[in-house]
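Reviewing the structure listed below.
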Number of protein chains: 2
Amino acid sequence: MSAEASPQRPAHSPLTERQEARRRRILHASAQLASRGGFDAVQMREVAESSQVALGTLYRYFPSKVHLLVATMQDQLEHMHGTLRKKPPTGERAAERVAETLMRAFRALQREPHLADAMVRALTFADRSVSPEVDQVSRQTTAIILDSMGLTDPTPEQLSAVRVIEHTWHSALITWLSGRASIAQVRIDIETVCRLIDVTDPHASDD
Amino acid sequence: MSAEASPQRPAHSPLTERQEARRRRILHASAQLASRGGFDAVQMREVAESSQVALGTLYRYFPSKVHLLVATMQDQLEHMHGTLRKKPPTGERAAERVAETLMRAFRALQREPHLADAMVRALTFADRSVSPEVDQVSRQTTAIILDSMGLTDPTPEQLSAVRVIEHTWHSALITWLSGRASIAQVRIDIETVCRLIDVTDPHASDD
DNA sequence: CGCTAATCTAGAACAAGTTTCAGACTTGAT
DNA sequence: ATCAAGTCTGAAACTTGTTCTAGATTAGCG
């Protein structure tokens, strides 16, 4: 369950302490640069310099800029999942709780719009070579949503609804980031798609 | 209602015949290269050479690779809208018709997966400078969906559902293109999101 | 026709992602 | 402590998107 982006071999050597430190420095520099100017501001040479690592080494840890930014996203997502766990959503119906959770995540992203830009653009621009890492992000997102629904054992239908919610979440974020949708519009889209949960929820109102 | 990507001034001079011809050649070359190897295969120098135009001229017509590919998508979308009009979907309920239409479009994309890759990646990677063109694509897509619903005067709720359907459509395409979702999975996602139409349709079953 | 402004061309130049390589440094095993 | 294998560094090179320039061509106009 861990597809680490480690030097060379996928999950081989467990990374020495100095290597772990390098990896952190790199991710930190990446997030920092991204926070400043978004996707374009994360320049590999600058990341290398900021994190005091040679360019070649940076590429050994993260084989492309997109890999790096997706790993940055994994990092941030973990952080966010932790934060969300502490204050679970309070809505009564599952749909409300999911919408509440996503809007909370959205507000967090609004605080660092450039960072959000870098991460989301990388995620959707990623080609097949990044699939494992993108998939991991997707699983993490699914976990967050299911968590907020309070489900341990979702039905296939509910999983479908969650998939669609994730699609909407990503795409709505993009339209917001590129200035084609307002914050209010994103909220409406999220609330709209969350209705699907009611449609697939056996205890909705009937029965 | 036409945000042409024309040389220099937005909608100024109506383009001479030779200019129109150049523009066509460029779009044709773009689509051709994209069909071969997707986003990466569309290299500006090659597009320029294939369409017998200097690099500088190419950039005068389309100010970036993303602009070019989004324009290519507009072109293809128009074509598809025409095709879809000829054989309207046959389902009884609006949700069925929309799903049918999108699956038809999806099958068309499957025939040219590399072209689809180039266009969709460009669309989601586009930054603010391409917003007008991306918006135009979005309007065109909305029109196709509303067409298939047979709606001339949608309610705000229905428009919200259509927005979410578009989000899902784009994002599902991306997961398919990057090999993270199967064709079957895309179909399920589309069918799932189309249920939203029933939820917002006043004549669904009740009343 | 002849002029002027706009457009087009060829090609160099620049920017940033990625690759490569020789040599210095670490690590782990003996 | 020593050696082999693997890792890191610094720097150059390569690729492709983008910009710039000087001169040739074209379009519109009097």
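Numbers restart at 1 for each chain; the letters A, B, ... are given by sequence-line order, proteins then strands. Predicted, not measured: the structure shown is a model, and the values here were computed from it.
When rounded to the nearest whole Å, the span between CD of B/Glu46 and P of D/dT16 equals 9 Å. Here the P atom of nucleotide C/dC8 and the CD atom of B/Glu20 are 12 Å apart, to the nearest Å. Atom-to-atom, CZ of B/Phe62 to P of D/dT18 comes out at 13 Å; the value is rounded to the nearest Å. Between B/Leu33 atom CG and D/dT16 atom C1' there is a gap of 14 Å when expressed in whole angstrom units. When the P atom of D/dT16 is taken as reference, atom CG of B/Leu68 falls 17 Å away, rounded to whole Å. With rounding to whole Å, A/Arg18 atom CZ is found 12 Å from C/dC25 atom P.
Between A/Leu196 atom CG and B/Thr168 atom OG1 the span is 8.0 Å, to the nearest 0.5 Å.
Applying the 4.0 Å criterion to OP1 and OP2 of D/dA27, one finds that B/Gln19 has every side-chain N and O outside that range. For D/dT7, the OP1/OP2 oxygens have no side-chain nitrogen or oxygen of A/Tyr61 closer than 4.0 Å.
At the heavy-atom level, B/Gln52 lies under 4.0 Å from the strands shown only through sugar-phosphate atoms.
A/Arg180 contributes no side-chain N or O that, together with a main-chain N or O of A/Thr175, makes up a donor-acceptor pair within less than 3.5 Å. Between the A/Gln19 side chain and the A/Thr16 main chain, a donor and an acceptor come within less than 3.5 Å of each other.
With respect to B/Arg163 and B/Glu166, no salt bridge is recorded, no charged nitrogen being found less than 4.0 Å from a carboxylate O.
Considering only the side chain of B/Ala54, C/dA10 comes nearest among C/dT7, D/dA27, C/dA10.
For the pairing with B/Val66, the side-chain contact (heavy atoms from CB on, under 4.5 Å) check across B/Asp127, B/Leu123, B/Val130 returns one residue only, B/Val130.
Note: B/Phe106 and B/Trp176 have perpendicular aromatic rings, judged against thresholds of 30 and 60 degrees for the angle between ring planes.
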Between the protein and nucleotides 14-24 of chain C, which nitrogen or oxygen pairs come in under 3.5 angstrom?
| residue | atom | partner | partner atom | Å |
| --- | --- | --- | --- | --- |
| C/dA16 | OP1 | A/Gln43 | NE2 | 3.1 |
| C/dA16 | N7 | A/Arg45 | NH2 | 3.3 |
| C/dG17 | OP1 | A/Val42 | O | 3.3 |
| C/dG17 | OP1 | A/Lys65 | NZ | 2.8 |
| C/dG17 | OP2 | A/Met44 | N | 3.0 |
| C/dG17 | N7 | A/Arg45 | NH2 | 2.5 |
| C/dG17 | O6 | A/Arg45 | NH2 | 2.7 |
| C/dT18 | OP2 | A/Tyr59 | OH | 3.0 |
| C/dT18 | OP2 | A/Lys65 | N | 2.9 |
| C/dT18 | O5' | A/Tyr59 | OH | 3.4 |
| C/dT18 | O4 | A/Arg45 | NH1 | 3.3 |

